[in-house]
4 protein chains.
Amino acid sequence: MAKIPSAAPQRAAPKRINRSVVLQAGLAAFSLKGFNGASMRDIANEADTSLSNLYNYFPSKTFLLAQLLLDTGTDLYERLEAAVSGAEPRPTAQLAAAVTSYIGFIVDKPQASIVGISEIRYLEGPSRAEVTEVRDLTEQLFRRILADGNASGEFATGYPHDAARAIVTLCSAVSNWYRPEGRLGQQELAERYVEFSLGIARAH
Amino acid sequence: MAKIPSAAPQRAAPKRINRSVVLQAGLAAFSLKGFNGASMRDIANEADTSLSNLYNYFPSKTFLLAQLLLDTGTDLYERLEAAVSGAEPRPTAQLAAAVTSYIGFIVDKPQASIVGISEIRYLEGPSRAEVTEVRDLTEQLFRRILADGNASGEFATGYPHDAARAIVTLCSAVSNWYRPEGRLGQQELAERYVEFSLGIARAH
Amino acid sequence: MAKIPSAAPQRAAPKRINRSVVLQAGLAAFSLKGFNGASMRDIANEADTSLSNLYNYFPSKTFLLAQLLLDTGTDLYERLEAAVSGAEPRPTAQLAAAVTSYIGFIVDKPQASIVGISEIRYLEGPSRAEVTEVRDLTEQLFRRILADGNASGEFATGYPHDAARAIVTLCSAVSNWYRPEGRLGQQELAERYVEFSLGIARAH
Amino acid sequence: MAKIPSAAPQRAAPKRINRSVVLQAGLAAFSLKGFNGASMRDIANEADTSLSNLYNYFPSKTFLLAQLLLDTGTDLYERLEAAVSGAEPRPTAQLAAAVTSYIGFIVDKPQASIVGISEIRYLEGPSRAEVTEVRDLTEQLFRRILADGNASGEFATGYPHDAARAIVTLCSAVSNWYRPEGRLGQQELAERYVEFSLGIARAH
DNA sequence: AATGAATGAGGATTCATTCAT
DNA sequence: AATGAATGAATCCTCATTCAT
């Protein structure tokens with residue numbers, strides 16, 4: 001005889017989630033409303049789970065933000081690293097590769113990009129230091145390219161340090177206004193920003 | 001001899017404030033904690049007045065933010081306008097004047113600058129439209145200079161529209177990291193950012 | 001024309017409360033359910049006000065407890081002091097006065113008495129120190145009487161310090177079981193506890 | 001030679017616990033933070049097991065408390081019973097034995113002693129009745145001794161019933177302040193409290 | 001204008017408990 | 001027995017705002 005579930009009241013099967021679902025929900029909520037504007041309830045709704053269940057995955061909202069920022073920063077850095085490593089050794093090619101890759105990251109992960117620039121202000125203590133550290137790696141990567149370019153004569157900025165920061169700033173700020181349905185496709189966008197970056201690198 | 005008030009119990013004289021005190025307090029609070037992170041109580045403390053008294057000057061927290069953003073945007077635009085008007089008519093000089101003036105604004109009003117870029121996301125409805133409008137004026141100002149420069153041959157970017165946006169972005173982002181006690185003084189900072197901007201304008 | 005209140009929806013007149021209403025509500029709630037068992041909502045209900053309004057009077061639940069314990073401890077000490085001061089100078093009379101007064105306090109303020117002994121464990125930091133200090137004054141008062149009695153020969157305990165603590169303990173613990181409707185009236189109760197206390201003071 | 005488990009990934013051996021581990025953990029937690037202040041998580045941590053595993057041993061937090069109070073009350077009563085049975089039949093010796101034994105219990109099991117007096121308020125229903133019953137046995141034991149002493153002329157209190165309660169109270173309250181590292185050792189403590197108790201018993 | 005009291009909704013987090021494995 | 005994931009109610013407290021004075 002086939003078992004028929006009794007008519008007794010049954011609670012709905014619990015929806016199993018996992019850490020990455022929560023991370024993604026946090027990204028969605030934070031990118032939409034900001035760290036302080038998004039509530040844990042927002043995140044729970046986004047993750048389609050209960051509020052309290054979030055705390056099985058992250059001990060606090062702040063910790064969740066920290067993890068997101070760390071993941072995002074690391075992800076970005078690794079992409080840049082890989083792109084630069086795979087490019088021709090000439091600084092011009094390397095800068096182009098780095099900028100193209102950066103724009104690619106923003107297009108691929110717009111939410112992470114927005115959270116990555118906007119919400120670090122709300123992080124304090126050791127988490128902040130960790131995130132800052134990764135972020136600094138990215139800037140160093142650009143600094144090295146600029147220094148190499150200056151040395152080889154391909155670039156000519158008198159302030160490679162500041163130029164590196166300017167280029168990083170320029171790229172990262174794209175996430176503030178980029179919309180997939182916008183005027184520019186990823187490739188055009190990248191080409192233009194490569195040009196702007198080279199302009200900065202060669203300015204004197 | 002001045003009359004000494006009698007020993008009879010008297011309440012402390014209410015502290016008179018005014019609209020601009022509240023605006024400044026809002027700027028301080030929002031720049032420090034963000035729009036959602038700062039409470040009306042924070043603002044009241046900063047303004048050294050009572051919480052409820054704030055509502056004699058602004059009908060809501062959102063309205064206060066709107067006013068701040070509008071004031072800031074207008075202020076910035078007028079500074080840029082004046083600087084450009086006062087500069088030589090050649091696009092290079094005008095771009096230099098505009099960038100220098102922008103950096104000057106950030107150095108003079110760091111709190112307003114931070115709030116100006118970071119908190120517009122939290123504005124909706126007609127207020128947002130107004131603020132966006134002023135902001136667009138600023139971008140137009142740069143667009144015009146770039147177009148003029150392209151026409152005169154001083155600049156050479158193929159994408160004057162995007163270049164203008166890039167330059168505005170570049171300047172405004174300075175407020176995210178500028179510290180008065182930092183490595184660079186206002187003048188050096190301005191000079192370098194003029195160079196970077198010209199680099200962008202001439203990139204091709 | 002007499003003003004007739006319009007039919008428009010009106011909110012109920014807000015119930016004005018004051019600090020002592022909150023204190024009394026806290027006493028009721030804590031004595032019934034204990035500090036951790038009583039919620040701020042319980043207290044608000046008892047005070048017939050809104051939960052959030054409590055925070056206009058006390059910054060935290062812990063602070064409310066601290067105030068209650070301090071008030072109670074001070075009140076008790078002052079009663080004892082007054083009773084002893086008003087009694088004959090002989091130690092026997094003084095001890096009798098102190099014990100009688102202590103019992104009177106418990107009968108008059110059973111809630112405060114219960115909270116006073118049971119909930120000090122949940123206080124930490126400087127508040128706790130303050131409360132402990134007042135409590136120590138009370139014990140000192142008994143110590144002095146016992147020492148005097150030993151000196152005069154009326155008492156005979158070899159351990160006046162411990163005897164004082166024992167007597168205080170004995171009195172305060174009455175609040176754990178005393179019920180107004182119980183077998184013993186206040187006077188009988190006091191008489192018996194005076195006898196027990198003298199028994200302790202004379203034990204050797 | 002014992003087999004070394006292969007390097008294949010394996011979960012850590014689940015930590016086997018038992019009922020008495022949970023009881024002890026509950027004692028530790030409740031004595032430190034009180035029934036309402038201690039969470040099941042606290043208890044699980046103390047027992048070094050998982051939260052949900054606790055429910056394999058006790059159906060609820062309240063049930064755990066009930067068991068603790070019952071065990072403690074029974075344990076104390078049996079100790080007192082044994083001590084009194086083993087003592088000389090004279091009431092003075094019996095009271096001394098009971099008090100000494102009570103103090104011994106507090107010194108041996110300070111956590112149980114604290115929980116035993118402080119947390120019974122949080123028990124309701126039949127469990128409470130059970131615990132109260134055992135507790136009453138203890139008081140009866142003292143009452144009987146006092147009655148015997150009055151009959152034999154060794155004691156003289158006019159209120160043996162209240163004196164018994166007072167003595168029990170006096171002893172049990174020791175757990176509120178006793179610290180092993182304190183001024184008094186167990187023996188001195190016991191001697192003094194025997195003296196105080198005899199003082200009460202003889203008071204008239 | 002200015003205040004302090006009041007409110008109801010909502011903030012993050014923890015609670016005791018249960019379920020599936 | 002043991003675990004970790006899940007839940008819904010409750011925790012303390014803060015929020016923006018309004019009211020009475």
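Any value given below was found using the heavy atoms of this structure, including those in side chains, with hydrogens, waters and symmetry copies removed. Letters A, B, ... are given to chains in the order of the sequence lines, protein chains preceding strands, and every chain is numbered from 1. Keep in mind that this is a model prediction, so the values were computed, not measured.
One interatomic measurement links the two molecules: CZ of Arg41(A) to C1' of dT7(F), which rounds to 13 Å at whole-angstrom precision. In this structure, Phe63(D) atom CZ and dT18(E) atom P are separated by 13 Å, rounded to whole Å. To the nearest angstrom, P of dA2(E) lies 13 Å from CZ of Phe58(B). Rounded to an integer number of Å, the gap from NZ of Lys61(A) to P of dC13(F) is 19 Å. What separates CG of Asp48(C) from P of dG8(E) is a distance of 12 Å, to the nearest Å. To the nearest angstrom, P of dC19(F) lies 17 Å from CG of Leu54(B). Taking atom CG of residue Asn18(C) and atom C1' of nucleotide dG4(E), one finds them 13 Å apart after rounding to whole Å. The distance between atom NZ of Lys33(B) and atom C1' of dT14(F), rounded to the nearest whole Å, is 12 Å.
Position along DNA chain F of the nearest nucleotide to Leu51(D) versus Asn36(B) favours Leu51(D) as the more 5'-ward residue. Along DNA chain F, the nucleotide closest to Ala38(B) and the one closest to Asp42(C) are compared, and the more 5′ of them pairs with Asp42(C). The nearest heavy atom of DNA chain E to Phe35(D) and to Asn56(C) marks one nucleotide each, and the one closer to the 5' end goes with Asn56(C).
Comparing dA12(E), dC15(F), dT7(F) by their closest approach to the side chain of Ser39(B) singles out dC15(F). Here dA12(E) is the nucleotide among dA2(F), dA12(E), dC12(F) with the atom lying nearest to any side-chain atom of Met40(A). Comparing dA6(F), dT17(E), dA1(F) against the side chain of Arg16(D) picks out dA1(F) as the nearest. Each of dA12(E), dA6(E), dT7(E) was ranked by its minimum atom distance to the side chain of Thr49(C); first place goes to dT7(E). Closest to the Tyr55(D) side chain, of the nucleotides dA16(F), dA16(E), dC12(F), is dA16(E). Taking every side-chain heavy atom of Ser52(C) into account, dA9(E) is the closest of dA9(F), dT17(F), dA9(E).
Below the 3.5 angstrom threshold, one finds no donor paired with an acceptor across the side chain of Asn53(B) and the base of dA1(E). If you check distances only, the side chain of Ser50(C) never reaches the base of dG8(E) with a donor-acceptor pair under 3.5 Å.
Panel note: side chain Asp75(C), backbone Thr72(C); no donor-acceptor pair is recorded below 3.5 Å. Looking at Lys61(A), its side chain does come within 3.5 Å of a backbone N or O of Ala38(A) through a donor-acceptor pair.
Ion pairing between a basic and an acidic side chain is recognised when a charged N comes within 4.0 Å of a carboxylate O; Lys33(D) and Glu119(D) show no such pairing.
As judged by a 4.0 angstrom heavy-atom cut-off over every strand, Ile17(B) is placed among residues touching the sugar-phosphate backbone only. No contact: Ala44(D) has no heavy atom under 4.0 Å from any strand.
For dT17(F), the paired nucleotide is dA6(E), the pair qualifying as Watson-Crick or G-U wobble because both relevant distances are below 3.5 Å.
In summary, the aromatic rings of Phe35(C) and Phe30(C) are positioned with their centroids under 6.0 Å apart.
When only modelled atom types and interatomic distance are considered, Asn53(B) and Asn56(B) share a side-chain donor-acceptor pair under 3.5 Å. There is no side-chain donor-acceptor pair under 3.5 Å between Glu46(B) and Gln24(B).
At least one side-chain nitrogen or oxygen of Tyr57(A) sits closer than 4.0 Å to the OP1 or OP2 atom of dA6(F).
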